[in-house]
Amino acid sequence: MADRPLLPDLDRAVYLDHAATTPLDPRVAQVLADSARDLFGNPSSLHGPGRRAREAIDGARAQVARLVGSEPDEVVFTASGTEADNLALLGVMAALGPGSHHVITSVIEHPAVLAPLAFLERQGVRVTRLSPGADGVIDPDALARAFTPQTRLVSVMSANNVTGVIQPLADLAALTRDHGALFHTDAVQAVGKIPLDLGTVKVDLLSLSGHKLHGPKGVGALIIRRGVKVHPLVLGGGQERGLRSATENTPGLVALGAAAEIAREEGAGEAVRLVALRERLLDGLSAAVPTVYVIGDRWRRLPGHLCVGFAGQEGEAIRVLLALDEAGIAASSGSACSAHRAAEPSAVLTAMGFDPIRARGALRLTLGRFTTDADIDRLLAVLPGIVRALRPLTSHA
Ligand code: PLP
């Protein structure tokens, strides 16, 4: 194979779909390549290569812990954000054993939370699903009203993957603790983008995923606060303190640690840069297309996350996406997982009170570490024309 620098090949496209996944940071790519070559030992082996792999994994564990303000021994590595969510929900309920249990969640959760909860429901667990307001925010008062004496677990995401809206995590977690239940948050979209400190926010379980923070795909972690009982889903050799058996993915975990370290060091400055870029994008778009409106709370959102609709032209997101793609710009409608069902209205937007036609019209533009001013210029040069060209089409509909 020819030598090639480990830089993401972003020349061909303007990539504005960071909520779906992020390109590897070249520094992380270097760590991944180096550790894939050098850290081949089985971390459970006692010999030198094994010990070196083990030490590297422990270093990564400490880096991930530092990013979220937990202790290293509270970090359980998994093979994805999805697996972390499943371990949190199914693992906590399995550890509780049989009984008349109640779980509270929200209707806007990712399928990685909704599907295991639907599975638990079929096993007899009662599940309450809170709806957001029109701003996409879950109201802590609605949570307060939903508790019953049987409530054992609450799961509300830190930030939504469609709208980018950030949830009032500290309030939701504190309320849950007051009611004697455990609080899980799917922080896959939030980690590395906004500060999260488990030292001050009383979250008991937190899921994160490497590929959303310029780390590799297929690695994630569940942070489990000390003392919280979780039953493993993957049984075997007892790795990850018995909570997730399987020979560790050493290069992936070490790269996740590197991605976490970079996010911790550069996250605050990067958030300021992304908010400025996002606002420039929105200002430029509003000037050219006055019908544009922001979906979800205007300010309570992830720094690089914009979800917009075009009044009177909803239902056409798929046409916009195809035209953008032709112009070399990658964006998204609802979430990547539902892209193959783009004709269906987004469940998140429906829950926010959008009618089915408007719920099909969302355009998600998500920025990341390698997004530049020039990328925003290119988008602003083509998107208004694309939207204007839609008008005659929709007027027939
Ligand atoms: N949770 C949220 C909010 C997400 O956005 C995603 C990915 O899109 C996941 C969970 C799943 O993470 P992974 O792709 O690592 O399984």
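Numbering starts at 1 and runs along the sequence shown. In each ligand, atom 1 is the first atom listed, and ligand 1 is the first ligand listed.
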Original post:
Between OG1 of Thr185 and CG of Leu172, what distance do you get to the nearest 0.5 Å?
Top reply: 8.5 Å

**OP:** Could you tell me whether Asn161 and ligand 1 have an N or O pair separated by under 3.5 Å?
**Re:** no

Original post:
Any nitrogen or oxygen of Gly81, main chain or side chain, under 3.5 Å from a nitrogen or oxygen of ligand 1?
Top reply: yes

Going by the order shown, which atoms of ligand 1 are within less than 4.0 Å of some heavy atom of [X]?
{"X": "Ser80", "value": "15 (O), 16 (O)"}
{"X": "Ser209", "value": "13 (P), 15 (O)"}
{"X": "Thr82", "value": "11 (C), 12 (O), 13 (P), 16 (O)"}
{"X": "His211", "value": "13 (P), 14 (O), 15 (O)"}

What part of [X] sits under 4.0 Å from ligand 1 if we count only heavy atoms: the side chain, the backbone, both or neither?
{"X": "Asp186", "answer": "side chain"}
{"X": "Lys212", "answer": "side chain"}
{"X": "Asp85", "answer": "side chain"}

Subject >> Test: Arg54 and Glu248 ion pair at under 4.0 Å >> reply: yes

Original post:
Should His214 and Phe370 be marked as a ring-ring contact (aromatic ring centres under 6.0 Å, His included) after you check the CA-CA gap, both sets of side-chain angles, and the distance that decides it?
Top reply: CA-CA 10 Å; His214 298 285; Phe370 307 106; 5.3 Å; yes

Subject >> Distance-only polar pair, side chains of Thr21 and Lys217, donor-acceptor under 3.5 Å >> reply: yes

